[in-house]
Q: 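What follows is a structure written as C-alpha coordinates; I'll ask about it next.
Counting starts at 1 for both ligands and their atoms, in listed order.
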Amino acid sequence: MGHAAALARLTLRRGRGLVGVNIGANKDSEDRLADYVTGLTAFAAVADYVTVNISSPNTPGLRALQSRGELADLVGRLNDARAHAARRVPMLVKIAPDLRDDELEDIVAVCGGGAVDGLIVSNTTLSRPPLASPHRDEAGGLSGSPLFQLSTRVLARVYLLSEGRIPLVGAGGVSDAETAWLKIRAGASLVQLYSALIYRGPKLVGEILDGLTKRLKARRLASLAQAVGGDARELAHQGLSGT
Ligand SMILES: Cc1cc2nc3c(=O)[nH]c(=O)nc-3n(C[C@H](O)[C@H](O)[C@H](O)COP(=O)(O)O)c2cc1C
(Lines give C-alpha, C1' and ligand atoms only; values in the text may rest on other atoms or scores of the structure.)
Protein backbone atom coordinates (compact mmCIF):
# COMPACT_ATOMS: atom_id res chain seq x y z
CA MET A 1 0.00 0.00 0.00
CA GLY A 2 1.18 3.55 -0.61
CA HIS A 3 3.65 2.64 -3.33
CA ALA A 4 2.29 5.11 -5.88
CA ALA A 5 2.41 8.10 -3.53
CA ALA A 6 5.92 7.30 -2.27
CA LEU A 7 7.19 6.61 -5.75
CA ALA A 8 5.85 9.91 -7.10
CA ARG A 9 7.66 11.84 -4.36
CA LEU A 10 10.93 9.96 -4.78
CA THR A 11 10.84 10.41 -8.54
CA LEU A 12 10.60 14.20 -8.11
CA ARG A 13 13.32 14.29 -5.48
CA ARG A 14 16.27 16.55 -6.19
CA GLY A 15 18.11 16.27 -2.88
CA ARG A 16 21.47 14.74 -2.23
CA GLY A 17 22.20 11.85 0.08
CA LEU A 18 21.32 8.19 0.04
CA VAL A 19 17.72 7.01 0.05
CA GLY A 20 16.82 3.59 1.38
CA VAL A 21 13.31 2.26 0.78
CA ASN A 22 11.90 -0.06 3.43
CA ILE A 23 9.60 -2.76 2.06
CA GLY A 24 7.26 -5.14 3.87
CA ALA A 25 4.10 -7.16 3.41
CA ASN A 26 0.52 -6.10 3.99
CA LYS A 27 -1.15 -7.45 7.11
CA ASP A 28 -4.01 -9.07 5.15
CA SER A 29 -1.89 -10.31 2.27
CA GLU A 30 -2.50 -13.80 0.86
CA ASP A 31 0.94 -13.92 -0.75
CA ARG A 32 3.47 -12.08 1.38
CA LEU A 33 6.44 -12.89 -0.81
CA ALA A 34 4.64 -11.34 -3.78
CA ASP A 35 4.22 -8.11 -1.78
CA TYR A 36 7.99 -7.89 -1.31
CA VAL A 37 8.60 -8.55 -5.00
CA THR A 38 6.13 -5.80 -5.90
CA GLY A 39 7.87 -3.39 -3.51
CA LEU A 40 11.35 -4.11 -4.74
CA THR A 41 10.35 -3.87 -8.38
CA ALA A 42 8.48 -0.60 -7.82
CA PHE A 43 11.41 1.16 -6.14
CA ALA A 44 14.42 -0.42 -7.86
CA ALA A 45 14.97 2.60 -10.09
CA VAL A 46 14.78 5.28 -7.37
CA ALA A 47 16.20 3.64 -4.24
CA ASP A 48 19.91 3.59 -3.44
CA TYR A 49 19.12 0.45 -1.49
CA VAL A 50 16.08 -1.52 -0.43
CA THR A 51 15.57 -2.75 3.14
CA VAL A 52 13.67 -6.02 3.28
CA ASN A 53 11.86 -5.68 6.60
CA ILE A 54 11.05 -9.15 7.94
CA SER A 55 11.23 -8.07 11.57
CA SER A 56 8.37 -5.64 12.15
CA PRO A 57 6.61 -6.59 15.38
CA ASN A 58 3.43 -4.88 14.15
CA THR A 59 2.44 -7.30 11.39
CA PRO A 60 1.34 -10.60 12.94
CA GLY A 61 3.38 -13.53 11.64
CA LEU A 62 5.80 -11.40 9.63
CA ARG A 63 8.79 -12.44 11.75
CA ALA A 64 8.23 -16.05 10.67
CA LEU A 65 9.86 -15.00 7.40
CA GLN A 66 13.15 -15.08 9.32
CA SER A 67 13.01 -18.90 9.47
CA ARG A 68 15.41 -20.69 7.14
CA GLY A 69 12.99 -22.08 4.55
CA GLU A 70 10.80 -19.00 4.26
CA LEU A 71 13.80 -16.66 4.12
CA ALA A 72 15.46 -18.76 1.41
CA ASP A 73 12.24 -18.55 -0.67
CA LEU A 74 11.98 -14.80 -0.12
CA VAL A 75 15.62 -14.07 -0.97
CA GLY A 76 15.38 -16.30 -4.05
CA ARG A 77 12.24 -14.53 -5.28
CA LEU A 78 13.78 -11.10 -4.64
CA ASN A 79 17.00 -11.99 -6.43
CA ASP A 80 14.96 -13.09 -9.46
CA ALA A 81 13.10 -9.78 -9.30
CA ARG A 82 16.36 -7.83 -9.01
CA ALA A 83 17.72 -9.53 -12.09
CA HIS A 84 14.69 -8.38 -14.09
CA ALA A 85 14.21 -4.93 -12.51
CA ALA A 86 15.30 -1.56 -13.88
CA ARG A 87 18.62 -2.06 -12.06
CA ARG A 88 20.11 -4.49 -9.58
CA VAL A 89 19.25 -2.43 -6.54
CA PRO A 90 21.30 -3.25 -3.40
CA MET A 91 19.19 -5.25 -0.95
CA LEU A 92 19.61 -5.48 2.83
CA VAL A 93 17.62 -7.81 5.08
CA LYS A 94 16.56 -6.35 8.44
CA ILE A 95 16.29 -8.76 11.34
CA ALA A 96 14.93 -8.76 14.89
CA PRO A 97 17.10 -8.73 18.01
CA ASP A 98 15.00 -11.50 19.56
CA LEU A 99 16.56 -14.41 17.66
CA ARG A 100 18.40 -17.40 19.11
CA ASP A 101 21.87 -18.37 17.89
CA ASP A 102 20.54 -21.27 15.80
CA GLU A 103 18.13 -18.88 14.07
CA LEU A 104 20.97 -16.43 13.44
CA GLU A 105 23.03 -19.26 11.95
CA ASP A 106 20.20 -20.01 9.50
CA ILE A 107 19.96 -16.36 8.48
CA VAL A 108 23.71 -16.15 7.90
CA ALA A 109 23.59 -19.38 5.86
CA VAL A 110 20.81 -18.04 3.61
CA CYS A 111 22.13 -14.48 3.29
CA GLY A 112 25.85 -15.24 2.91
CA GLY A 113 27.75 -15.83 -0.30
CA GLY A 114 26.48 -12.61 -1.84
CA ALA A 115 22.79 -13.60 -1.75
CA VAL A 116 22.07 -10.21 -0.19
CA ASP A 117 24.20 -7.07 0.06
CA GLY A 118 23.97 -6.80 3.82
CA LEU A 119 22.03 -7.35 7.01
CA ILE A 120 20.58 -4.64 9.25
CA VAL A 121 20.79 -5.66 12.90
CA SER A 122 18.33 -4.82 14.33
CA ASN A 123 14.70 -3.83 14.42
CA THR A 124 12.85 -3.17 17.71
CA THR A 125 12.55 -5.82 20.43
CA LEU A 126 9.47 -7.54 21.77
CA SER A 127 11.40 -8.30 24.97
CA ARG A 128 11.36 -5.95 27.95
CA PRO A 129 14.72 -5.16 29.51
CA PRO A 130 14.30 -3.58 32.99
CA LEU A 131 12.50 -0.26 32.45
CA ALA A 132 11.52 2.44 34.93
CA SER A 133 8.73 3.81 32.74
CA PRO A 134 5.12 3.25 33.81
CA HIS A 135 4.51 2.36 30.13
CA ARG A 136 6.89 -0.61 30.26
CA ASP A 137 4.16 -3.22 29.89
CA GLU A 138 2.61 -1.74 26.75
CA ALA A 139 2.55 -3.99 23.69
CA GLY A 140 4.76 -3.41 20.65
CA GLY A 141 8.41 -3.03 19.69
CA LEU A 142 10.82 -1.26 22.05
CA SER A 143 13.46 1.04 20.51
CA GLY A 144 16.13 3.45 21.76
CA SER A 145 18.65 3.14 24.60
CA PRO A 146 17.04 0.12 26.33
CA LEU A 147 17.52 -1.79 23.05
CA PHE A 148 21.22 -0.98 22.74
CA GLN A 149 22.78 -3.88 24.63
CA LEU A 150 20.57 -6.59 23.15
CA SER A 151 20.87 -5.36 19.55
CA THR A 152 24.65 -4.86 19.84
CA ARG A 153 25.09 -8.36 21.25
CA VAL A 154 23.13 -9.86 18.35
CA LEU A 155 25.13 -7.72 15.89
CA ALA A 156 28.41 -9.08 17.30
CA ARG A 157 27.09 -12.63 17.07
CA VAL A 158 26.08 -12.21 13.44
CA TYR A 159 29.51 -10.73 12.71
CA LEU A 160 31.23 -13.74 14.27
CA LEU A 161 28.89 -16.29 12.65
CA SER A 162 29.45 -14.72 9.23
CA GLU A 163 33.20 -14.34 9.86
CA GLY A 164 32.89 -10.72 8.83
CA ARG A 165 31.88 -11.67 5.28
CA ILE A 166 28.42 -10.07 5.21
CA PRO A 167 28.32 -6.25 5.41
CA LEU A 168 26.39 -5.33 8.56
CA VAL A 169 24.44 -2.19 9.46
CA GLY A 170 24.23 -1.59 13.21
CA ALA A 171 20.94 -0.18 14.53
CA GLY A 172 19.30 -0.07 17.94
CA GLY A 173 19.93 2.48 20.66
CA VAL A 174 22.60 4.55 18.92
CA SER A 175 22.44 7.88 20.77
CA ASP A 176 25.97 9.34 20.69
CA ALA A 177 29.49 8.76 19.33
CA GLU A 178 30.28 6.08 21.91
CA THR A 179 27.25 3.92 21.05
CA ALA A 180 27.95 4.35 17.31
CA TRP A 181 31.60 3.36 17.96
CA LEU A 182 30.51 0.24 19.87
CA LYS A 183 28.28 -0.81 16.92
CA ILE A 184 31.35 -0.56 14.67
CA ARG A 185 33.51 -2.47 17.19
CA ALA A 186 30.77 -5.13 17.29
CA GLY A 187 30.94 -5.58 13.51
CA ALA A 188 28.95 -2.84 11.79
CA SER A 189 30.33 -1.21 8.64
CA LEU A 190 27.45 1.27 8.72
CA VAL A 191 25.28 2.64 11.52
CA GLN A 192 21.64 3.76 11.55
CA LEU A 193 19.74 5.66 14.20
CA TYR A 194 16.12 6.59 14.62
CA SER A 195 14.84 7.13 18.17
CA ALA A 196 17.71 9.38 19.30
CA LEU A 197 16.87 11.85 16.52
CA ILE A 198 13.60 12.56 18.34
CA TYR A 199 15.49 13.71 21.44
CA ARG A 200 18.57 15.31 19.87
CA GLY A 201 17.57 16.36 16.34
CA PRO A 202 19.70 16.20 13.17
CA LYS A 203 22.72 17.93 14.79
CA LEU A 204 23.38 14.65 16.57
CA VAL A 205 24.74 13.20 13.32
CA GLY A 206 27.56 15.79 13.14
CA GLU A 207 28.40 15.18 16.81
CA ILE A 208 28.65 11.45 16.19
CA LEU A 209 30.92 11.96 13.16
CA ASP A 210 33.21 14.25 15.21
CA GLY A 211 33.36 11.72 18.01
CA LEU A 212 34.19 8.87 15.63
CA THR A 213 36.97 10.93 14.03
CA LYS A 214 38.45 11.58 17.49
CA ARG A 215 38.37 7.88 18.32
CA LEU A 216 40.16 7.00 15.08
CA LYS A 217 42.86 9.61 15.71
CA ALA A 218 43.37 8.50 19.33
CA ARG A 219 43.90 4.93 18.13
CA ARG A 220 45.95 5.95 15.07
CA LEU A 221 43.56 4.17 12.71
CA ALA A 222 43.35 5.38 9.11
CA SER A 223 39.68 4.46 8.58
CA LEU A 224 36.65 3.05 10.34
CA ALA A 225 37.05 -0.14 8.30
CA GLN A 226 40.05 -0.96 10.52
CA ALA A 227 37.85 -0.82 13.62
CA VAL A 228 35.00 -3.04 12.34
CA GLY A 229 34.45 -6.07 14.55
CA GLY A 230 37.49 -5.42 16.76
CA ASP A 231 35.54 -6.11 19.96
CA ALA A 232 33.01 -8.60 18.55
CA ARG A 233 34.07 -11.40 20.88
CA GLU A 234 33.58 -9.35 24.03
CA LEU A 235 30.39 -7.68 22.83
CA ALA A 236 28.83 -10.99 21.77
CA HIS A 237 28.60 -11.89 25.47
CA GLN A 238 27.97 -8.54 27.12
CA GLY A 239 25.21 -8.43 29.68
CA LEU A 240 24.69 -12.18 29.80
CA SER A 241 24.48 -13.50 33.32
CA GLY A 242 27.56 -15.37 34.46
CA THR A 243 29.87 -13.69 31.92
C1 LIG B 1 7.68 4.37 15.67
C2 LIG B 1 8.64 3.44 14.97
C3 LIG B 1 8.34 3.01 13.68
C4 LIG B 1 9.21 2.12 13.00
N5 LIG B 1 8.89 1.70 11.73
C6 LIG B 1 9.74 0.85 11.09
C7 LIG B 1 9.44 0.40 9.78
O8 LIG B 1 8.43 0.77 9.17
N9 LIG B 1 10.31 -0.45 9.17
C10 LIG B 1 11.45 -0.86 9.82
O11 LIG B 1 12.22 -1.64 9.24
N12 LIG B 1 11.76 -0.46 11.06
C13 LIG B 1 10.93 0.39 11.71
N14 LIG B 1 11.24 0.82 12.98
C15 LIG B 1 12.51 0.37 13.61
C16 LIG B 1 13.61 1.42 13.45
O17 LIG B 1 13.88 1.66 12.08
C18 LIG B 1 14.92 0.96 14.13
O19 LIG B 1 15.41 -0.19 13.50
C20 LIG B 1 14.72 0.67 15.62
O21 LIG B 1 13.86 1.64 16.21
C22 LIG B 1 16.03 0.63 16.38
O23 LIG B 1 16.76 1.83 16.23
P24 LIG B 1 16.67 3.06 17.29
O25 LIG B 1 16.92 2.47 18.66
O26 LIG B 1 17.73 4.01 16.85
O27 LIG B 1 15.29 3.64 17.18
C28 LIG B 1 10.40 1.69 13.65
C29 LIG B 1 10.69 2.14 14.97
C30 LIG B 1 9.83 2.99 15.63
C31 LIG B 1 10.17 3.42 17.04
Q: Among all the protein's non-hydrogen atoms, which is closest to atom 7 (C) of ligand 1, and how far away is it?
A: N53 ND2, 4.1 Å
Q: Below 4.0 angstrom, N of the basic side chain to O of the carboxylate: do R215 and E178 qualify?
A: yes
Q: Would you say S56 touches ligand 1, if touching means a heavy atom closer than 4.0 Å?
A: no
Q: Hey, is atom 5 (N) of ligand 1 under 4.0 Å from any protein heavy atom?
A: no
Q: Using a cut-off of 6.0 Å, state whether more than 12 heavy atoms not belonging to K203 lie near its atom NZ.
A: yes
Q: Give the atom numbers and elements of ligand 1 that come within less than 4.0 Å of a heavy atom of L193.
A: 26 (O)
Q: Verify the neighbour count for atom CZ of R13: are there more than 12 heavy atoms of other residues, nucleotides or ligands below 6.0 Å?
A: yes
Q: Closer than 4.0 angstrom, basic N to acidic O: yes or no for D117 and R82?
A: yes
Q: Measure the distance from atom 17 (O) of ligand 1 to every protein heavy atom, then report the residue, atom name and distance (to 0.1 Å) of the closest one.
A: K94 NZ, 2.9 Å
Q: Between T125, L147, N58, V174, which one has a non-hydrogen atom sitting closest to atom 22 (C) of ligand 1?
A: L147
Q: Under 3.5 Å, side chain of S145 to main-chain N/O of G173, donor-acceptor pair present?
A: no
Q: Report yes or no: does G173 have a heavy atom closer than 4.0 Å to ligand 1?
A: yes
Q: How far is atom 11 (O) of ligand 1 from the closest protein heavy atom, and which atom is that?
A: N22 ND2, 2.8 Å
Q: For atom 21 (O) of ligand 1, what is the nearest protein heavy atom, given as residue, atom name and distance?
A: S143 CB, 3.3 Å
Q: Charged N to carboxylate O under 4.0 angstrom, E207 versus R200?
A: yes
Q: Has S151 got a side-chain atom pairing as donor or acceptor with F148's backbone, closer than 3.5 angstrom?
A: yes
Q: Under 4.0 Å from a heavy atom of G172: which atoms of ligand 1 are those, numbered in the order shown and with their elements?
A: 22 (C), 23 (O), 25 (O)
Q: So which of T179, I23, T124 gets nearest to atom 20 (C) of ligand 1, if we judge by its closest heavy atom?
A: T124
Q: What protein heavy atom sits nearest atom 15 (C) of ligand 1, and how far away is it?
A: N123 OD1, 3.3 Å
Q: At what distance is the nearest protein heavy atom to atom 27 (O) of ligand 1, and which residue and atom is it?
A: S195 OG, 2.6 Å
Q: Out of curiosity, is S151 lining ligand 1, as in a heavy atom under 4.0 Å away?
A: no
Q: Would you say R219 and Q226 make side-chain contact, with heavy atoms under 4.5 Å?
A: no
Q: If you measure from the Lys or Arg side-chain nitrogens to the Asp or Glu carboxylate oxygens, is any gap between D101 and R157 under 4.0 Å?
A: yes
Q: Just to confirm my output: which protein heavy-atom neighbour is closest to atom 1 (C) of ligand 1, and how far is it?
A: Y194 OH, 4.1 Å
Q: Distance-only, no hydrogens or angles: does the R87 side chain make a donor-acceptor pair with backbone N or O of A44 under 3.5 Å?
A: yes
